[in-house]
Amino acid sequence: MKEYSVYFDEYGNTGNNLLDINQPYYIVCGWIIPNVLKNRITQSIKDDLRDYNPSLKELKGKKLLQSSKGRKFLCQLLMQMLNSGCIPILSINYKGFVAAAKLSYLLEDCIDSPILHNYNLIISAKERNRFAHLLLELCPEEVSEFAALSREPVLEKIKSLFQKIHLSLSEKGSEFAPLFKDDIVDFEQALWSLSNDLTSQPRKAASAINLPCFITLLSILEDLGRINNLKIDVYHDEVIQFKEAYQNYSEYMNNGSDFHLQLDNGFTAWYDLKHTLYKGMKKSNEDPLIQSADLLCSAIQALIVDYKDTEIINDLAIVGLMGISIAMNYNTLHYMMVNNNLQILMKNWKEIVEEEFNIGK
């Protein structure tokens, strides 16, 4: 069994606040690194950092993004990681869409299953995705209200919000309008579910986007490990708020029964980890491999959040195109974004790369 290690970092951590307009995305990026290459890659990063700027003690993508020289160095380091055989693993999440998806999942807790089955919202990930898109498109103000309400749930406010959504969807002729009618929703159960998210884990961790993304990434790694017979150790940059919750859930999944769920979007949700072991958090200033995850995270967020900045896009397009393409190839990409935004961005990166390297001319 081949042994690998994964190093994660994140961008846009706002806890359970999905309304921060200054950080509209939550992004987690990591590298899946063969253990036989870890020492060599670690030393290479140290050498490159010394050559670039001997006074720097730690690589920080945010700082490198501030200049053309820094971005080119960032691109050089990331391309070295890709060319060394390291596999990127990514989770890219637009928080507005996440709020709509969270609302759709809440329905499972407060509406009888047979009713949801009529709308294919339990058995079909594709239908649930379509439903979340529809909520965000037709009820954007109500979705924002839900995002705020989920942080401080109140029974009467939940009832009022569902009434608003029912009215809005009815006026727009949506087939999903009946799901928000008073007579089929158990509002007490909805209140309990939202309140439990706030209390079930330390520091309100279960109410934040971070924890479900972390669980999804572990499941992706478990699938990769089972398919390729790999042993995978996982490390995350230190985030105090989620330290206990990540450990709690990983232990639960390590001790789980042999159960998984195959969704119609091709994703396998594993509830028992046999090939994947979460080893805890590391401080980035103590581990260059955590720093390499920070660099990837910084590049991806810049490409997606600052997509109108032509200088940044031109400098980093090849990293975005190759990184996400490789992740797609290995099924190590998870994203929750509106419509075809990622495909549109990748098309632009591809055009930039083809022009730079005279591909197809």
Side-chain angles (χ1 to χ4, degrees), residues 8-30 60-66 71 74 88-106 128-152 161 197 204-205 207-214 216-217 237 239 241-242 293-313 315-317 319-320 323-324 327 333-349:
F8 282 119
D9 201 355
E10 62 183 17
Y11 159 84
N13 173 24
T14 54
N16 61 7
N17 178 14
L18 298 175
L19 299 175
D20 188 338
I21 60 174
N22 295 315
Q23 298 189 77
Y25 281 87
Y26 173 68
I27 299 172
V28 186
C29 296
K60 281 292 184 182
K62 184 177 180 180
K63 194 164 187 176
L64 293 177
L65 287 172
Q66 294 173 359
R71 290 192 295 272
L74 172 62
I89 176 168
L90 315 167
S91 179
I92 306 168
N93 308 274
Y94 175 59
K95 292 177 184 176
F97 183 76
V98 171
K102 185 174 181 178
L103 176 55
S104 74
Y105 277 101
L106 178 64
R128 187 188 295 282
N129 187 60
R130 184 172 78 89
F131 180 45
H133 273 105
L134 181 141
L135 286 173
L136 194 58
E137 178 184 353
L138 300 184
C139 307
E141 293 182 4
E142 289 83 357
V143 169
S144 294
E145 186 177 339
F146 171 74
L149 181 59
S150 64
R151 301 177 69 193
E152 295 183 46
L161 175 61
D197 282 348
K204 301 180 181 180
S207 66
I209 181 178
N210 309 57
L211 186 57
C213 284
F214 173 71
T216 297
L217 290 168
D237 183 37
V239 186
Q241 180 184 359
F242 299 99
D294 170 83
L295 298 184
L296 180 59
C297 209
S298 296
I300 296 299
Q301 71 85 14
L303 286 163
I304 291 174
V305 178
D306 302 322
Y307 66 94
K308 293 183 179 180
D309 189 320
T310 55
E311 290 187 359
I312 287 179
I313 304 307
D315 286 338
L316 300 178
V319 169
I324 291 181
L333 171 67
H334 165 258
Y335 66 97
M336 298 178 71
M337 297 174 67
V338 178
N339 298 321
N340 298 314
N341 280 8
L342 184 60
Q343 288 78 6
I344 293 170
L345 290 170
M346 289 187 68
K347 181 180 178 183
N348 182 42
W349 303 339

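As the structure is a prediction and not an experimental result, all values here were calculated from the model.
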**Q.** Reported CD-to-CD1 distance for the pair Q301 and I92, which is rounded to 0.5 angstrom
**A.** 11.0 Å
(Q) As an exercise, state the distance from CG of L90 to CG of L296, rounded to the nearest 0.5 Å. (A) 5.5 Å
**Q.** Rounded distance [0.5 Å steps], CG in D9 versus CG in L295
**A.** 9.0 Å
Q. Is it true that a side-chain atom of D294 and a backbone atom of G61 form a donor plus acceptor pair closer than 3.5 Å?
A. yes
(Q) Quick one, L303 and L345 - any side-chain contact, counting heavy atoms below 4.5 Å? (A) no
Q.
Let me confirm one number: the CD1-SG distance from I324 to C29, rounded to the nearest 0.5 Å.
A. 8.0 Å
Q.
I need the full list of side-chain hydrogen bond (donor to acceptor under 3.5 Å, both in side chains) pairs touching residues 94-105, with sequence neighbours left out, sorted by first then second residue.
A. T14-K95
Q) Under 3.5 Å, is there a donor-acceptor pair between the side chain of H133 and the main chain of M337? A) yes
**Q.** D306 side chain to D309 backbone, donor-acceptor under 3.5 Å
**A.** no
Q: Calculate, to the nearest 0.5 Å, the distance between atoms CG and OH belonging to N17 and Y26 respectively.
A: 14.0 Å
(Q) Using 0.5 Å steps for rounding, measure from the CG atom of L74 to the OG atom of S298. (A) 7.0 Å
Side-chain donor-acceptor contacts of residues 134-152 below 3.5 Å, not counting sequence neighbours, with atom names and distances?
from: S144; atom 1: OG; to: P140; atom 2: O; distance (Å): 3.2
from: E145; atom 1: OE1; to: K164; atom 2: NZ; distance (Å): 3.2
from: E145; atom 1: OE2; to: K164; atom 2: NZ; distance (Å): 3.4
from: S150; atom 1: OG; to: F146; atom 2: O; distance (Å): 3.4
from: S150; atom 1: OG; to: A147; atom 2: O; distance (Å): 2.9
from: R151; atom 1: NE; to: N16; atom 2: OD1; distance (Å): 3.1

